[in-house]
Amino acid sequence: MERAQYFSAQAGRTIDVPRRVKSRFAIGDVVKHRVFDFRGVIFDIDPVFANSDEWYEAIPEDIRPDRNQPFYHLLAESEDSDYVAYVSQQNLIGDSISGPVSHPDVHQYFEQFENGRYRMRQSLTH
């Protein structure tokens with residue numbers, strides 16, 4: 001399988017990834033966590049885990065996800081707060097029927113919520 005590399009500022013290192021990765025979700029999709037009680041809208045996708053080793057090791061081993069899968073950056077909301085979450089593909093399920101996300105930064109990234117998903121602002125697309 002062909003591989004590629006890129007530097008992840010978040011991880012502070014070069015990340016080795018397959019050239020082709022199949023992601024289940026896309027930017028603008030509304031999802032929820034399989035285990036924890038939060039949901040959010042995807043605003044970025046890493047083809048494999050691209051955060052720090054300290055962050056990864058802080059996850060309890062019995063629920064630690066595999067590094068070799070897409071990881072999603074979410075504008076997340078729970079009953080208590082709004083925040084940015086970094087979640088593995090295995091821990092997400094679709095949640096478009098629950099309506100829009102109320103995170104205060106949604107409008108910085110997206111124009112509107114339509115047909116169960118958000119459309120990214122034209123100024124942020126290439």
Side-chain angles (χ1 to χ4, degrees):
M1 175 185 290
E2 291 185 50
R3 310 282 298 176
Q5 293 183 335
Y6 72 96
F7 182 78
S8 167
Q10 190 171 355
R13 61 185 160 78
T14 299
I15 306 293
D16 184 59
V17 299
R19 274 215 193 268
R20 295 184 191 262
V21 175
K22 192 170 224 166
S23 61
R24 191 175 308 143
F25 304 105
I27 291 174
D29 285 351
V30 178
V31 293
K32 66 181 179 179
H33 198 282
R34 286 185 186 277
V35 178
F36 301 114
D37 190 24
F38 70 87
R39 63 191 294 266
V41 57
I42 297 168
F43 70 91
D44 196 13
I45 305 170
D46 292 335
V48 295
F49 179 79
N51 205 330
S52 70
D53 289 331
E54 293 79 18
W55 186 94
Y56 187 77
E57 296 298 326
I59 301 169
E61 194 171 344
D62 60 326
I63 62 168
R64 192 176 298 153
D66 182 12
R67 290 175 179 252
N68 294 310
Q69 63 180 309
F71 274 73
Y72 300 85
H73 300 261
L74 309 177
L75 297 175
E77 65 182 8
S78 68
E79 213 171 274
D80 303 328
S81 64
D82 299 314
Y83 50 96
V84 173
Y86 190 62
V87 185
S88 66
Q89 181 164 274
Q90 77 186 49
N91 285 322
L92 291 176
I93 57 176
D95 190 36
S96 62
I97 61 171
S98 295
V101 173
S102 65
H103 192 286
D105 294 339
V106 164
H107 299 293
Q108 289 181 12
Y109 294 89
F110 303 101
E111 291 180 354
Q112 59 193 29
F113 183 75
E114 211 173 67
N115 299 322
R117 64 184 321 271
Y118 283 93
R119 188 174 74 212
M120 181 157 266
R121 289 196 167 282
Q122 287 292 336
S123 62
L124 297 176
T125 62
H126 21 221

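Sequential numbering from 1 along the given sequence is applied to the chain's residues.
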Worked verdict on Ile15 versus Gln5 for side chain to side chain contact (heavy atoms under 4.5 Å, CB included): CA-CA 5 Å; Ile15 306 293; Gln5 293 183 335; over 6 Å; no

Intermediate values then yes/no, side chain to side chain contact (heavy atoms under 4.5 Å, CB included), Tyr72 and Ser23: CA-CA 10 Å; Tyr72 300 85; Ser23 61; 3.3 Å; yes

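Heavy atoms of other residues, nucleotides or ligands lying less than 6.0 angstrom from CG of Asn115 number 12 at most. Residue-environment remark: CG (Asp66) exceeds the threshold of 12 foreign heavy atoms within 6.0 Å. Counting heavy atoms of neighbouring residues, nucleotides and ligands inside a 6.0 Å radius, atom CD1 of Ile63 exceeds 12 of them.
Side-chain contact between Gln69 and Pro65 is present, with at least one heavy-atom pair separated by less than 4.5 Å. With a 4.5 Å cut-off on side-chain heavy atoms, Leu92 and Lys32 do not count as touching. At a threshold of 4.5 Å between non-hydrogen side-chain atoms, the residues Asp82 and Leu75 do not count as touching. No side-chain heavy atom of Val48 sits less than 4.5 Å from a side-chain heavy atom of Arg67. Between Arg117 and Ser96, every side-chain heavy-atom pair lies at or beyond the 4.5 Å cut-off. Counting heavy atoms from C-beta outward, Arg19 and Arg3 have side chains that stay 4.5 Å or more apart. Between Leu74 and Val31, the closest side-chain pair of non-hydrogen atoms falls below 4.5 Å.
Salt-bridge annotation for Arg13 and Asp53: present, with a side-chain N of the basic residue lying under 4.0 Å from a carboxylate O of the acidic one. Glu2 and Arg20 are not joined by a salt bridge, as no carboxylate oxygen comes within less than 4.0 angstrom of a charged side-chain nitrogen.
Across all their heavy atoms, Ala85 and Ala76 have their closest contact at CB-CB, 4.0 Å.
The aromatic ring centroids of Tyr109 and Tyr118 lie 6.0 Å or more from each other.
The aromatic rings of Phe38 and Tyr83 lie perpendicular to each other, with more than 60° between the two planes, well past the 30° mark.
Note that Arg121 lies outside the cation-pi zone of Phe110, set by a 6.0 Å cut-off to the ring centre and a 45° limit from the axis.
For the residue pair Tyr86 / Asp46, a side-chain donor-acceptor distance below 3.5 Å is found, with atom types taken as modelled.
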